[in-house]
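Reviewing the structure listed below.
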Amino acid sequence: MSETNTTNTSLNGLARQLIAHGVITEETATQTTVDAEAAKKTFLAVLAENSDVNSLNVAQTIGADFGLPTFDLSRIDSESLPTEFISEELLQTLNAVPIMRRGSKLFIAISDPTNNEPLDKYKFTSGLSVEAIVVEEHKLNELRAKALDGSTALSDGLDESFDLDIDNPEDSKDDDDGSDVEDTPVVRFVNKVLLDAIKRGASDIHVEPYEKIFRIRYRVDGVLEEVANPPLNMAGRLTSRLKVMSRMDISERRVPQDGRIKLKLSKTKAIDFRVNTCPTLFGEKTVLRILDPSSAQLGIDMLGYEPDQKDLYMDALSNPYGMILVTGPTGSGKTVSLYTGLNILNEPGTNISTAEDPAEINLAGINQVNVNPKAGLTFAEALKSFLRQDPDVIMVGEIRDLETASIAIKAAQTGHLVLSTLHTNDAPQTISRLINMGIPAFNIASAVSLIIAQRLGRRLCENCKELDDLPRETLLDEGFKEEDLDGLEIYKPVGCNKCNKGYKGRVGIYQVLKLSEAMGRIIMEGGNALDVAEQAQKEEINDLRQSALIKIKQGILSLEEANRVTKE
């Protein structure tokens, strides 16, 4: 390089600061500036390639001059990054990476504090306040590469343009606010929310506007967690976009609406979202239930049934007639249990029909009907129609009233296998619920063959769970028997980069109650749920709590989680 060119090269502020602190020489700064201009790179990027320069001194000097903290990125695991705020586009265009979130503040790793663009963009996309942390340039590039690999891992399996199954969204483009629901930032943000939810294994997405904040939460392993706080002024546009994708009326904000989104991940893989909007004080809350058809293909062995419980379910499914009822609260896995059974029965020689509100899992070979009360297609009407179509197996999404219950019971008594759900706390209470509906006791005793009560508990992470040291008295109080305590090992959650606060996935906890002759007599004689439960204990049928304790002894559940889902 000629002396003239070197002399005429103007140094930027960072270069002058580093020279002033003795971190680099003026000659190094000048040569780096010339090389950066020639290579069309930043000054710091070229300086990081100089093995004679101490990169840590560079970062600490820059941080001190700008009054910003410094951090060693080698202490950060790329899998622990706040992925909900990281997108492929931002990683490719910005020399910055979000490394942690605390409350409403997002900490951004940068190497050049003179460039405000990364902070402004992350502040906009996250809806959080941001704080810069100065790091070494080469370590920032390494972390960006790792984060970029993580953010593109899911999209690598996607068809181009996130193949969303939407019918003519242009027809409903404008709402009363004049907001453009096809606004590119909004479209990209909504797509990211949906994809991130799938990536994190969420079961539901909650999009919630309030008076002063707007938040998005995922339900992961049964527990809601906040993942984003977009700007409040985006609430209307985000809701409109979701309504367009779900084929709802975006001009109607006064009443709840239901819709559906199909997201194609590949030519053979698709995820459905069941969408519901509900008007609240400060706008429409939108909840999306993520429906994965492959969940019905897991097989009964993956659901968490104990061997004796599995045998009872399989025996009931092999019967040509009778009723199988699955009970539990919303989100307890009732639909997956039913569809696992239907998948076992789904053969060319079997005619299966289902009535649901709406159909959550699509299975080829099964005739599925969405009930539509407004049009007169109720569960009862669908059942009447099924009985005229030569059925072998009938599934009713939920027994809600006497008419539906009566038809289902009659079908079970006349040579059909009927599967359905009820909302009760446990299996014995299902009997009381049917009697309260008005079903005669003798019909219940003769038609119902199996009742499954279930809950979903978070499964302990096998990578980080630790032994929990609990007093003997505590274990006895929790329901363990004296003979269980010898050699008993109970584990507790810890948390690592492979799980969610010590938990990874969920497992079913079941009470599988086969109606024996003794139980039938109790029902016929007017016995209540307590009488049935007492008889079940005599027949050594585990209730939900006892089943949870078995999962604890197996090292699958923590005592804390068992108490959360089964303790009265």
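All of these numbers come straight from a predicted model, not from anything done at the bench.
The shortest distance between side-chain heavy atoms of L460 and L557 does not fall below 4.5 Å. Side-chain contact check for I271 versus I290: some heavy-atom pair is nearer than 4.5 Å. Here the side chains of R241 and V187 are in contact, with some heavy-atom distance below 4.5 Å. Contact annotation: the side chain of F379 never approaches that of I407 to less than 4.5 Å [non-hydrogen atoms, C-beta and beyond]. Taking 4.5 Å as the limit, every side-chain heavy atom of L417 sits out of range of all side-chain heavy atoms of D392. Side chains of H206 and L224 form a contact here, defined as non-hydrogen atoms less than 4.5 Å apart. Residues L288 and R260 are not in side-chain contact: their nearest non-hydrogen atoms beyond the backbone lie 4.5 Å or more apart. Two residues are said to be in side-chain contact when any heavy atoms from C-beta on lie closer than 4.5 Å; D315 and L450 fail this criterion.
Across A408 and V418, no two heavy atoms sit closer than the pair O-CG2, 3.8 Å. A pairwise comparison of heavy atoms in A427 and A453 identifies N-CB, 3.5 Å as the closest pair. When every heavy atom of I324 is checked against every heavy atom of A316, the shortest pair comes out as CD1-CB, 3.6 Å. Nearest heavy atom pair, residue K465 against residue G555, reads NZ-O, 2.8 Å. For the pair A405 and I439, the tightest heavy-atom approach, listed with the atom from each and the gap, is CB-CD1, 3.7 Å. Listed here is the closest heavy atom pair of F214 and P230: O-CD, 3.4 Å.
Taking a cutoff of 4.0 Å between a charged side-chain nitrogen and a carboxylate oxygen, R217 and E208 qualify as a salt bridge. Salt bridge annotation for E226-R101: present, with a cationic side-chain nitrogen under 4.0 angstrom from a carboxylate oxygen. Using a 4.0 Å cut-off between charged side-chain N and carboxylate O, K551 and E561 make no salt bridge. Between R254 and E284 there is no salt bridge, since no side-chain nitrogen of the basic residue lies less than 4.0 Å from a carboxylate oxygen of the acidic one. Using a 4.0 Å cut-off between charged side-chain N and carboxylate O, D357 and R400 make a salt bridge. Remark: D301 engages K310 in a salt bridge, criterion side-chain N to carboxylate O under 4.0 Å.
The side chain to side chain donor-acceptor pair (under 3.5 Å) search around N443 returns Q413, not counting sequence neighbours. Annotation: side chain to side chain donor-acceptor pair (under 3.5 Å) contacts of Y503 (sequence neighbours excluded): S558. Remark: T239 pairs with no residue by the side chain to side chain donor-acceptor pair (under 3.5 Å) rule, at least two apart or across chains. K504 pairs by the side chain to side chain donor-acceptor pair (under 3.5 Å) definition with nothing, not counting sequence neighbours.
Separation of atoms CE (M437) and CG (L422) is listed at 5.0 Å; rounding is to 0.5 Å. I452 contributes atom CD1, which lies 6.0 Å from atom OG of S337 (distance to the nearest 0.5 angstrom). I451 CD1 to D426 CG: the interatomic distance, rounded to the nearest 0.5 Å, is 9.5 Å. One finds the CG atom of L263 at 12.0 Å from the CG atom of L291 (value rounded to the nearest 0.5 Å).
Q454 and Q309 form no side-chain donor-acceptor contact under 3.5 Å, judged by distance and modelled atom types alone. The closest side-chain donor-acceptor pair between R545 and T566 falls under 3.5 angstrom.
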Using distance only, find each side-chain donor-acceptor pair of residues 347-354 under 3.5 Å and give its atom names and separation, not counting sequence neighbours.
unit_1	atom_1	unit_2	atom_2	d
N351	OD1	N367	ND2	3.1
N351	ND2	Q389	O	3.0
N351	ND2	D390	O	2.7
T354	OG1	E356	OE2	2.9

Subject >> Pair E225-N500, side-chain hydrogen bond (donor to acceptor under 3.5 Å, both in side chains): steps then yes or no >> reply: CA-CA 11 Å; E225 55 183 64; N500 182 25; 3.2 Å; yes
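The stretch residues 302-338 participates, sequence neighbours left out, in these ring-ring contact (aromatic ring centres under 6.0 Å, His included) pairs: Y305-Y313, Y305-Y510.
For CZ of R506, the number of neighbouring non-hydrogen atoms (other residues, nucleotides, ligands) closer than 6.0 Å is greater than 12. By the neighbour-count criterion of 12 heavy atoms within 6.0 Å, atom NZ of K514 is sparsely surrounded, having that number or fewer from other residues, nucleotides or ligands.
Of the residues T430, L513, L419, the one that meets the side chain to side chain contact (heavy atoms under 4.5 Å, CB included) test with L325 is T430.
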